[in-house]
Amino acid sequence: MKINLSLIISIIVVVGVVAFGFTWVQIATERQKLRGELENKSQRMTDDFYDDAFKILEKKDTVSITSSTTSDIEEYGFEDVAIFYNSDSGSLLRSSSSITLKKSFDFVRQTLASDSSMGNFVKMNSKTYYQYFKIA
């Protein structure tokens with residue numbers, strides 16, 4: 001009887017460990033897939049937003065913030081949009097945003113040095129944001 005009871009308990013433990021391991025692998029795979037989808041979606045939305053709201057920047061150096069630009073930010077679902085004039089100075093288009101630029105300047109320098117658009121995840125105000133930097 002002891003052999004049967006220990007065999008049953010061993011089988012239950014092994015099945016539990018295998019199920020836990022499988023679940024952990026599935027969660028890690030799904031998280032990585034969702035992160036990739038978020039990066040791709042952010043890149044597409046940023047390109048569309050730039051085409052809609054900032055094509056005029058290619059012709060002149062000043063940025064005029066209009067109500068249509070602010071409504072575009074809300075329409076695209078962005079928390080905010082920042083414009084960096086160089087690696088040390090930038091401004092947010094919506095002053096009501098809870099985002100700060102302090103954590104962005106190092107990544108802006110990396111993006112400018114690589115001369116290509118890049119993105120990264122940053123934690124601000126106990127929330128994780130995806131920042132995508134487009135070189136224009």
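In this chain, residues are counted from 1 in sequence order. The shown structure was predicted, so the numbers you read here are calculated from the model rather than taken from an experiment.
In terms of the side-chain contact (heavy atoms from CB on, under 4.5 Å) criterion, residue partners of V15 (sequence neighbours excluded) are, by chain and number, I11. Among residues two or more places apart in sequence or in another chain, the side-chain contact (heavy atoms from CB on, under 4.5 Å) test is passed with E37 by K33, L34.
For the residue pair Y130 and L38, the shortest heavy atom distance occurs at CB-CD2, 4.1 Å. Here the closest heavy-atom approach between residue M124 and residue Q131 is recorded as CE-NE2, 3.5 Å.
Between D48 atom CG and Q43 atom CD the span is 11.0 Å, to the nearest 0.5 Å. F121 CZ to F107 CZ: the interatomic distance, rounded to the nearest 0.5 Å, is 11.0 Å. In this structure, CG on L7 lies 10.0 Å from CD1 on I12, to the nearest 0.5 angstrom. To the nearest 0.5 Å, the span separating OH on Y132 from CE on M118 amounts to 10.0 Å.
Taking the six-membered ring where the residue is Trp, F49 and Y76 present perpendicular rings, their angle passing 60° and hence far from 30°.
Checked against F133 for a side chain to side chain contact (heavy atoms under 4.5 Å, CB included), the options L112, T111, T46 give a single hit: T111.
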